[in-house]
Amino acid sequence: MKVHGTPTRTIWPVAGADAVEIIDQTALPHSYRVLRLNSLDDVAQAIRSMQVRGAPLIGVSAAYGIALALSRRADDATLLAALQTLAATRPTAVNLHWALARVQACLLPLPAAARAAAAWLEAGRIADEDVDQCRRIGVHGLQRLLSCRRAGHRLEIMTHCNAGWLATVDHGTALAPVYAAFDAGIDSHVWVSETRPRNQGLLTAWELRQHGVPHTVIADNAAGLLLARGTIDVVIVGADRIAANGDVANKVGTWLKALAAQAAGVPFYVAAPRSTIDFACASGGDIPIEERAADELRLVHGLDGAGHPGALRQLPADEAVANPAFDVTPASLVSALISERGTCAASREGLLTLYPEERHG
Ligand code: MRU
């Protein structure tokens with residue numbers, strides 16, 4: 001996608017240096033800042049602090065984190081410790097563990113001297129595959145969006161959190177079909193829920209604005225009213241982990257939208273690549289849900305009246321707060337899953353039609 005007219009990915013290796021650069025997502029939407037990461041610890045910290053975030057991007061970042069670690073020392077102990085450090089950064093998005101398992105399988109059998117170069121290559125491959133898979137999600141998802149269009153009306157799409165190109169390397173998951181529709185000249189408009197407490201909806205608004213896609217930001221709690229009123233034609237979200245039975249873990253608040261969509265008779269789609277599907281996880285109840293810091297609710301971040309960034313306290317420091325970051329939408333509320341291979345029912349059988357190689361896995 002483009003930022004201020006320049007084609008940009010969310011992460012890239014720096015030529016001639018053992019480093020990667022990322023877009024610091026904690027600075028958006030107020031300022032666009034590129035950050036250089038020079039070490040495994042830099043990457044782990046960027047994932048923890050959500051300077052990089054979104055399930056596919058977390059996985060790709062972790063792969064580059066391994067490359068950075070091995071550029072300094074490439075013995076078995078260093079590799080295993082780096083895998084462990086990164087695996088502990090965030091628990092819910094399975095893409096992290098998928099990427100780490102893939103680089104481990106690729107690198108561990110190699111002699112130490114060959115590992116660093118192979119790690120950079122493998123991380124680059126994972127990043128490129130993510131771009132291609134998201135592009136293909138856009139192609140398949142577009143057909144679904146078009147099937148929801150009412151003749152003579154603008155297509156009204158609702159999304160939650162940020163499952164756009166900022167959450168991946170490029171294109172996005174849930175937003176890839178939205179960009180495909182816009183690029184195909186389909187008259188469309190996106191309702192973006194704010195997504196408290198971290199407000200990833202503001203990232204969605206920022207990237208839609210960069211691309212010129214018409215959109216409106218709403219408070220999370222307004223989604224039910226819009227669905228009940230018949231304003232929305234289709235809801236599409238991403239996922240952090242899809243269990244083998246089609247249950248979907250995604251940003252907290254997703255389940256409420258799915259319930260409201262079902263009550264209103266509005267299709268509810270989930271778009272995600274293969275790296276988000278966890279065939280080893282039987283159902284949503286087995287998905288670990290991340291609990292994040294209480295200060296994410298106690299403090300509100302933004303610009304003050306003079307345009308300076310800062311935090312405002314909205315709750316006393318000792319106020320009891322719970323901050324689960326994800327919820328699980330049961331497969332029964334999901335109209336279909338959309339992946340790089342096409343569209344399927346949210347069920348074990350449905351997933352196996354797209355990934356038959358997993359049948360005996
Ligand atoms: O906590 P985040 O911002 O990393 O979580 C990301 C999400 O939950 C997104 O909604 C998304 O659907 C998964 S990433 C495409």
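Start at 1 and go down the list; that is how both ligands and their atoms are numbered. Keep in mind that this is a model prediction, so the values were computed, not measured.
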- Task: Considering only non-hydrogen protein atoms, determine which one is nearest to atom 11 (C) of ligand 1 and report residue, atom name and distance to 0.1 Å.
- Result: Asn250 OD1, 3.2 Å
- Over 60° means perpendicular and under 30° means parallel, so classify the ring planes of Tyr64 and Trp120, tilted if in between. tilted
- Task: Examine distances only and state if a side-chain atom of Asp295 and a backbone atom of Arg298 form a donor-acceptor pair shorter than 3.5 Å.
- Result: no
- Any Lys/Arg nitrogen of Glu156 or Arg154 sitting under 4.0 Å from an Asp/Glu carboxylate oxygen of the other? yes
- Give the atoms of ligand 1, by number and element, whose distance to some non-hydrogen atom of Met50 is under 4.0 Å. 1 (O), 2 (P), 3 (O)
- Item | Contacting atoms of ligand 1, where contact means under 4.0 angstrom from a heavy atom of Ala163 | 12 (O), 15 (C)
- Task: Decide, yes or no, whether a salt bridge links Arg274 with Glu358 under the criterion of side-chain N to carboxylate O below 4.0 Å.
- Result: yes
- Message: Tell me the protein heavy atom at minimum distance from atom 14 (S) of ligand 1, and give that distance in Å.
- Response: Ala55 N, 3.1 Å
- Query: Does ligand 1 have an atom under 4.0 Å from some heavy atom of Ala325?
  - Reply: no
- Under 3.5 Å between some N or O of ligand 1 and some N or O of Cys161? no
- Can you say whether the rings of Trp206 and Trp165 are parallel (under 30°), tilted (30 to 60°) or perpendicular (over 60°)? tilted
- Knowing that exactly one of Thr254, Thr204, Leu208 qualifies, which makes a side chain to side chain contact (heavy atoms under 4.5 Å, CB included) with Thr159? Thr204
- Task: State the atoms of ligand 1, each with its element, that fall below the 4.0 Å cut-off from a heavy-atom position in Gln200.
- Result: 1 (O), 2 (P), 3 (O)
- Task: Measure Thr168 to ligand 1 on non-hydrogen atoms and call it side chain, backbone, both or neither using the 4.0 Å cut-off.
- Result: neither
- Query: Where the closest heavy atom to atom 1 (O) of ligand 1 is concerned, which of Lys251, Arg292, Gln25, Arg198 has it?
  - Reply: Lys251
- Note on the structure: Note: heavy atom closest to atom 13 (C) of ligand 1, options Gly238, Gly172, Ala239, belongs to Ala239
- Message: Among all the protein's non-hydrogen atoms, which is closest to atom 8 (O) of ligand 1, and how far away is it?
- Response: Asp240 OD1, 2.6 Å
- N/O donor-acceptor pair under 3.5 Å between Asp170 side chain and Val131 backbone: no
- Note on the structure: shortest atom 15 (C) of ligand 1-to-protein heavy-atom contact is with Thr173 OG1, 3.4 Å
- Item | Contacting atoms of ligand 1, where contact means under 4.0 angstrom from a heavy atom of Arg90 | 1 (O), 2 (P), 4 (O)
- List the closest protein heavy-atom neighbour of atom 3 (O) of ligand 1: residue, atom name, distance to the nearest 0.1 Å. Arg53 NE, 2.5 Å
- Message: Under a 4.0 Å threshold between the charged nitrogen and the carboxylate oxygen, would Asp233 count as salt-bridged to Arg149?
- Response: no
- Flag the pair Asp278 and Arg241 as a salt bridge only when some basic side-chain nitrogen lies within less than 4.0 angstrom of an acidic carboxylate oxygen. yes
- Item | Which of the ligand 1 atoms, numbered from 1, are nearer than 4.0 Å to a heavy atom of Pro56 | 14 (S), 15 (C)
- Residues Arg198, Glu296: salt bridge by 4.0 Å N-O rule: yes
- Message: Checking contacts here: is it the side chain or the backbone of Glu290 that comes within 4.0 Å of ligand 1, counting heavy atoms only? Could be both or neither.
- Response: neither
- Message: Within the 4.0 Å heavy-atom shell around Asn162, which atoms of ligand 1 are there?
- Response: 9 (C), 11 (C)
- Message: I need the single residue from Val14, Ile11, Asp42, Val52 that forms a side chain to side chain contact (heavy atoms under 4.5 Å, CB included) with Leu37. Which is it?
- Response: Asp42
